[in-house]
Structures are given as structure tokens and as C-alpha cells.
Protein chains: 2
Amino acid sequence: MAHTSQPVVLLVEDEPAQREVLAYNLEAEGFRVVQAGNGEDALLLVDEDTPDIIILDWMMPELSGIEVCRRLKMRPDTRSIPIIMLSARAEEVDRIRGLETGADDYVIKPYSVLELMARARVQLRRVRPSTIGVVLEWDDIRLDPETHRVYRGNSVLKLGPTEFRLLSTFMEKPGRVWSREQLLDRVWGRDIYVDSRTVDVHIGRLRKSLMQNGGEDPLRTVRGAGYALG
Amino acid sequence: MAHTSQPVVLLVEDEPAQREVLAYNLEAEGFRVVQAGNGEDALLLVDEDTPDIIILDWMMPELSGIEVCRRLKMRPDTRSIPIIMLSARAEEVDRIRGLETGADDYVIKPYSVLELMARARVQLRRVRPSTIGVVLEWDDIRLDPETHRVYRGNSVLKLGPTEFRLLSTFMEKPGRVWSREQLLDRVWGRDIYVDSRTVDVHIGRLRKSLMQNGGEDPLRTVRGAGYALG
DNA sequence: CGGTTTTGTAACAATATGATGACATGGCCG
DNA sequence: CGGCCATGTCATCATATTGTTACAAAACCG
């Protein structure tokens with residue numbers, strides 16, 4: 001029943017018990033949870049399967065959370081992943097240091113699980129608005145994730161399920177170029193094997209659907225790279 | 001020390017004394033501060049002079065902060081302005097309600113001024129170009145890796161895939177001289193065999209693309225060594 | 001100023017890439 | 001069961017991109 005593909009959270013916490021509790025709750029929130037018990041693993045997992053958001057414990061043996069945060073925020077390709085830092089350090093200096101390092105939020109242990117979930121949703125809302133039902137708009141195209149309806153101008157468009165998910169992805173980040181592989185991950189699912197040329201065909205179908213009542217083609221083919229909206 | 005333009009914060013708080021303190025500190029942080037003493041004024045001021053971020057007191061006579069927040073988050077044109085909610089209500093339900101309403105952060109009174117400033121900077125960091133995407137710039141050339149677009153002045157350039165990768169390489173380290181072999185490695189790939197003279201041809205093509213709308217040739221040939229940008 | 005080396009570039013053939021129509025499959029619903 | 005829709009794959013077509021070569025131009029050197 002996921003509108004598009006399930007949002008992914010990377011949970012980094014060295015204490016297994018705490019990790020369990022959080023993982024359970026995050027799953028209940030609708031996240032797919034990827035877990036790491038230390039900083040090194042976290043960095044590896046980010047490359048392997050880019051998460052939508054990261055929840056990061058400050059205190060960890062070896063690579064501290066703050067160091068992981070610093071590194072991720074230095075890399076252009078991971079910089080924009082929201083990081084929520086968890087910490088038992090309640091001192092003002094620490095909180096400020098965490099935020100200065102690039103963390104997008106800072107939550108003090110012991111935290112309220114409900115509040116943490118709410119803060120996770122806030123970050124998710126930023127990165128993937130459609131997962132929480134925000135209507136996406138671009139130019140004269142409107143996509144309502146709740147009702148699964150797409151409008152262009154003032155007429156309703158008819159799209160198939162795959163085309164809908166494709167368009168959702170594009171509208172999450174207008175202008176961004178998605179490779180066929182990224183689209184397969186996002187639109188089809190991680191462990192589905194389909195030929196990457198299939199993407200072409202669906203792009204074609206999406207184009208036809210978007211132009212069924214006239215109007216310009218809003219999709220851009222980027223030779224050698226993929227496709228983008230606008 | 002202002003960046004491109006001074007960031008603007010809209011400060012909404014009905015208690016003049018508190019507002020003063022915050023305004024003072026925000027100005028010290030480098031913000032231009034626009035003040036409102038109630039919700040109605042806040043909504044008017046947003047239209048008049050769109051702020052980069054909003055700091056919003058929950059408890060206000062007439063229009064409450066949460067209502068202002070709700071309204072701003074419903075309008076597509078103001079939805080993306082980050083809102084930091086200030087509140088004396090420490091109850092979990094309230095905090096969650098604030099976040100659910102669309103606030104991007106929720107700070108409990110009495111707050112640490114320094115922490116609030118840090119949180120304001122976090123929100124600002126998001127809105128400012130630096131976070132929106134890493135754009136490489138040199139002179140009047142702009143290259144956006146995310147959208148795969150290249151601009152010169154204010155017109156869009158059309159480049160082929162190889163030319164794009166070439167230019168990306170140059171723009172990552174403007175001024176650096178790259179040998180043909182290094183370029184082959186970097187742009188074509190480590191284990192591809194192509195004549196090194198092919199680089200010349202592509203440099204030529206890149207030059208033509210870069211000058212398609214007039215302008216100087218930004219590439220420099222270094223005899224016996226290779227090529228460089230600028 | 002030759003002679004030599006290095007670079008620029010037009011032309012062309014080979015290739016890679018994307019668009020599209022057709023088709024077979026499989027699920028779903030009446 | 002039969003029709004309908006969505007989907008994935010394939011074959012084919014059109015075109016953009018690419019590598020190479022050959023020759024012209026420029027730079028360098030004594």
C-alpha cells in the first residue's frame with residue numbers, strides 16, 4: 001500500500017537493545033529500516049543503499065556519530081540526507097556542536113519515542129513529500145499522492161500504476177536526473193530484476209499520458225545519463 | 001560578511017521583551033529581522049517580503065502560532081519556508097502536534113538562546129543555495145551535476161555526454177592542468193583504449209559548445225602537458 | 001628563417017543510444 | 001471463462017555521439 005517505494009531510514013546505534021526499540025517503532029511508522037552497529041558500517045551502508053534519512057547515535061566506539069555526520073556532510077552526494085543526532089550529552093555546547101557539524105536535528109536521550117518519530121517524519125517530509133500525502137506540483141502538473149490522481153492544467157490524467165510511481169519520483173525532485181538503475185530501484189523495487197531498457201518504454205508511456213490532452217513534453221532525456229522532469 | 005544577500009528571518013512573538021532579546025541575537029547572527037507581534041501581521045509580512053525562515057511563537061492572542069503555521073504550510077508558495085516553533089508547552093502531545101502541523105523544528109521555552117541560534121542556522125543552511133545542490137561555478141560558467149545542466153551567463157548550453165564529463169572534470173579543479181592520459185582515465189574510464197589524440201578532438205568540441213553563444217574560450221592549451229580550465 | 005613538433009579541426013564511417021510499435025504473458029474482475 | 005488492462009521484452013528505426021584520420025595551422029627551437 002506504499003504510494004511509491006517505502007522510505008528507508010538508516011539507524012546507527014551501537015546498543016542493540018535501543019536499536020531494537022527504535023527499529024520496531026520506525027517500521028511501524030512505515031520505514032524500511034537498515035541497521036548499523038558502528039560508524040564504519042554506517043558509512044558503507046550509505047553507499048550501498050542510499051537511505052532517505054539517518055538516525056545517528058553520538059556515542060559509539062571507534063568512529064563517533066559526530067565524525068560520521070561530519071564525513072557525510074562533506075560529501076556532495078550524501079550531504080543532503082537529513083541526519084537526526086541522538087545523544088545523552090545534554091550540555092548546550094554539545095547540542096550546538098552537533099548542529100554545527102551538519103546535523104539537521106538533535107535529540108537528547110532519554111528521548112520520547114513518539115517525539116523522535118515525529119521528528120523523523122519532519123525530515124522525511126522534506127526529502128520525500130509524497131510519502132506523507134503532500135500534493136506535488138510542478139508547472140501545470142499536480143500529483144495527489146492521497147487520491148492517486150494526476151492533473152494537468154484542469155483536466156485529470158489517466159496513468160497506469162507504474163507511470164504514477166515514475167512521475168512521483170520525478171516530482172519529488174524536479175530537474176534531477178535519475179539513471180535507469182535509480183529508477184528501477186525506486187519505482188520497481190530493490191530486488192526486482194527487469195531489463196533497464198524497460199524504463200525507456202515506461203518513460204514513453206508516461207510521456208504519452210502526460211500529453212494526452214496536448215501540452216509540451218515535460219520530461220527531458222539526458223543522453224547517457226537518464227531522465228529528468230523539466 | 002554578508003553572503004549573496006543578507007538572510008531574512010521573520011520573528012513572530014507577541015511579548016515585546018522576548019522579541020527584543022531574540023531580535024538582538026538574530027541580528028548578531030547576521031540576519032535581517034522582520035518583526036510581527038501577532039499572527040495576522042505575520043501572514044501579511046510573509047507576502048510582502050518573503051523571509052528565509054520564520055520563528056513563530058505558539059501562544060499568541062487571536063491567531064495562534066500553530067494556526068499561522070498551518071496556513072503557511074498549506075500554501076504552495078510558502079510551504080517550503082522553514083518554521084521554528086517556540087512554545088512553553090512542554091507536553092509531548094503539544095510538541096508532536098507542532099511538528100505534525102508542519103513546523104520544521106520545535107523549541108521549548110525557556111530555551112537556550114545559543115541553541116535556538118544554532119537551530120536557526122540549521123534551517124537557513126537548508127534554504128540557501130549551498131544545500132539545494134552542489135553547483136560548480138567558474139567565471140560565468142555554471143555546471144549542475146544533479147540536473148546535468150550547464151549554463152553560460154544566462155543561457156543553457158547543449159553538450160554531449162563526453163563533453164559534459166570533460167567539463168565536470170575541469171570544473172572540479174579550475175586551473176589544474178590535466179594530461180591527455182589523465183583525462184582519458186577520468187573521462188573515458190580506466191580500461192578503455194582510445195587514442196590520446198581523441199582528447200584533442202573532444203576538447204575542440206567542448207570549446208565549440210562553450211562558445212556557442214559567444215564568449216571567450218575558457219580552456220587553455222598547455223603545450224606538451226595537456227589542458228586546463230582558466 | 002627553415003625544420004620539427006604539437007595542436008586544431010573538418011569529414012566520415014562506425015557505434016551507441018533512445019524512441020516506438022508490436023506482441024506475449026499474466027493478473028484481475030465481472 | 002473471457003475480456004481487459006498493465007507489464008516486460010524484443011525488433012526496428014532514427015539519430016546523436018564518437019573515434020579516427022588526414023591535413024592545416026600554430027608553436028617552438030636552434
Side-chain angles (χ1 to χ4, degrees), chain A residues 1 3-5 148-150 156-170 177-212 216-229, chain B residues 148-150 156-170 177-212 216-229:
Chain A
M1 99 119 285
H3 292 140
T4 58
S5 73
H148 256 239
R149 257 196 254 274
V150 178
V156 181
L157 299 185
K158 181 177 161 3
L159 324 193
T162 309
E163 294 160 35
F164 181 84
R165 288 195 304 269
L166 249 187
L167 183 58
S168 302
T169 301
F170 284 127
V177 175
W178 300 80
S179 72
R180 293 184 173 69
E181 284 66 31
Q182 290 172 327
L183 291 172
L184 284 175
D185 261 19
R186 192 100 172 192
V187 174
W188 275 259
R190 266 148 254 269
D191 25 42
I192 304 281
Y193 162 72
V194 266
D195 194 293
S196 82
R197 293 274 134 222
T198 299
V199 175
D200 299 29
V201 178
H202 279 277
I203 290 284
R205 287 170 181 160
L206 175 56
R207 281 196 165 118
K208 201 196 298 194
S209 300
L210 287 172
M211 299 190 288
Q212 63 193 228
E216 285 300 297
D217 178 4
L219 297 182
R220 175 166 57 106
T221 301
V222 182
R223 214 160 222 267
Y227 300 93
L229 173 65
Chain B
H148 265 249
R149 277 206 166 99
V150 179
V156 181
L157 300 185
K158 185 185 159 350
L159 318 192
T162 309
E163 294 160 33
F164 182 84
R165 286 192 306 259
L166 250 186
L167 182 59
S168 301
T169 303
F170 284 126
V177 178
W178 300 78
S179 73
R180 293 183 174 69
E181 284 66 32
Q182 289 172 325
L183 290 172
L184 283 175
D185 262 18
R186 193 80 189 220
V187 174
W188 275 259
R190 232 159 272 281
D191 30 39
I192 300 284
Y193 148 79
V194 263
D195 194 298
S196 82
R197 290 304 312 282
T198 298
V199 175
D200 298 29
V201 177
H202 278 278
I203 290 285
R205 287 172 180 158
L206 176 56
R207 282 193 165 121
K208 192 174 355 176
S209 298
L210 287 173
M211 300 189 289
Q212 65 192 227
E216 286 300 297
D217 177 5
L219 296 182
R220 177 165 53 101
T221 302
V222 183
R223 198 159 225 265
Y227 299 93
L229 173 65

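Owing to the predicted nature of the structure, the values given are computational and were not obtained by experimental measurement. Throughout, protein chains are lettered first and strands after them, A, B, ... in sequence-line order, and every chain is numbered starting at 1.
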Contact string for nucleotides 14-30 of chain D, one letter per nucleotide 5' to 3', B = base within protein heavy-atom range under 4.0 Å, S = sugar-phosphate only, - = neither, reads -BSSBBBB----BBS--
Side chains of [X] and [Y] in contact at under 4.5 Å (non-hydrogen atoms):
{"X": "B/K158", "Y": "B/F164", "value": "no"}
{"X": "B/S209", "Y": "B/L159", "value": "yes"}
{"X": "B/L210", "Y": "B/L167", "value": "yes"}
{"X": "A/T221", "Y": "A/Y227", "value": "yes"}

Leading and trailing nucleotides of DNA chain C with any atom under 4.0 Å from heavy atoms of chain A: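 Contacts span C/dT17 to C/dA22, reading 5' to 3'.
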Of all heavy-atom pairs linking B/R180 and B/V199, the shortest is O-CG2, 4.0 Å
note: A/L166, atom CG; D/dG8, atom P; distance rounded to Å ~ 10 Å
Trace of the side-chain hydrogen bond (donor to acceptor under 3.5 Å, both in side chains) decision for B/S168 with B/R186: CA-CA 10 Å; B/S168 301; B/R186 193 80 189 220; over 6 Å; no
Using a cut-off of 4.0 Å on non-hydrogen atoms, how would the nucleic acid contact of A/Y227 be classed: base, sugar-phosphate, or nothing?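 Sugar-phosphate contact only.
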Donor-acceptor contact present, side-chain A/R165 to main-chain A/V187, <3.5 Å: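 Looks like yes, one N/O pair under 3.5 Å.
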What residues form a side-chain contact (heavy atoms from CB on, under 4.5 Å) with A/V201, not counting sequence neighbours? A/R205
